[in-house]
Amino acid sequence: MHSHHAAMEGNTNKETHFRITIVSDAFADKTLMQRHRSVYKLLNKELQEGVHALTLRTKTTAEIEKKA
């Protein structure tokens, strides 16, 4: 959506924007912010080394099945 911006300094990889859907029952009883923070914690190194934009969709199995 904002691919027009200048490349991140020192990063030569053009793939810096990602959309991720994660389905896990570990997200049960967690707020959206808690879910996202848990993913950010796991991806800390990648976020520091070149991931510029990350769109997360975090759902439980029940939430996915409910929409089907």
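We use all heavy atoms of the structure for the numbers below, so side chains are in, but hydrogens, waters and symmetry mates are not.
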- Message: Do Phe18 and Leu43 have side chains that approach each other closer than 4.5 Å (heavy atoms only, starting at C-beta)?
- Response: no
- Note on the structure: Those residues at least two apart in sequence (or on a different chain) that pass side chain to side chain donor-acceptor pair (under 3.5 Å) with Thr55 are none
- Item | Whether Gln34 side chain and Thr31 backbone form a donor-acceptor pair below 3.5 Å | yes
- Message: Between Glu63 and Arg35, does the salt bridge (charged side-chain N to carboxylate O under 4.0 Å, His left out) criterion hold? Intermediate values first, please.
- Response: CA-CA 14 Å; Glu63 291 168 336; Arg35 293 175 183 198; 3.0 Å; yes
- Spacing of Thr21 atom OG1 and Lys59 atom NZ [to the nearest 0.5 Å]: 9.5 Å
- Task: Drop me the distance from His36's NE2 to Leu56's CG, to the nearest 0.5 angstrom.
- Result: 4.5 Å
- Item | Pairwise side-chain contact, Leu32 with Thr58, heavy-atom cut-off 4.5 Å (strictly under) | yes
- Message: With a 6.0 Å cut-off (strictly less than), is the heavy-atom count around CG of Asn44, excluding the residue itself, greater than 12?
- Response: yes
- Can you check side chain to side chain contact (heavy atoms under 4.5 Å, CB included) on Phe27 and Thr61, steps first, answer last? CA-CA 9 Å; Phe27 294 140; Thr61 304; over 6 Å; no
- Do Thr60 and Asp25 have side-chain atoms, one donor and one acceptor, less than 3.5 Å apart? no
- Transitively linked via ILVMFWY side-chain contacts under 4.5 Å: Tyr40 with Val51? yes
- Item | Same apolar cluster: Leu47 and Ile20, side chain cutoff 4.5 Å | yes
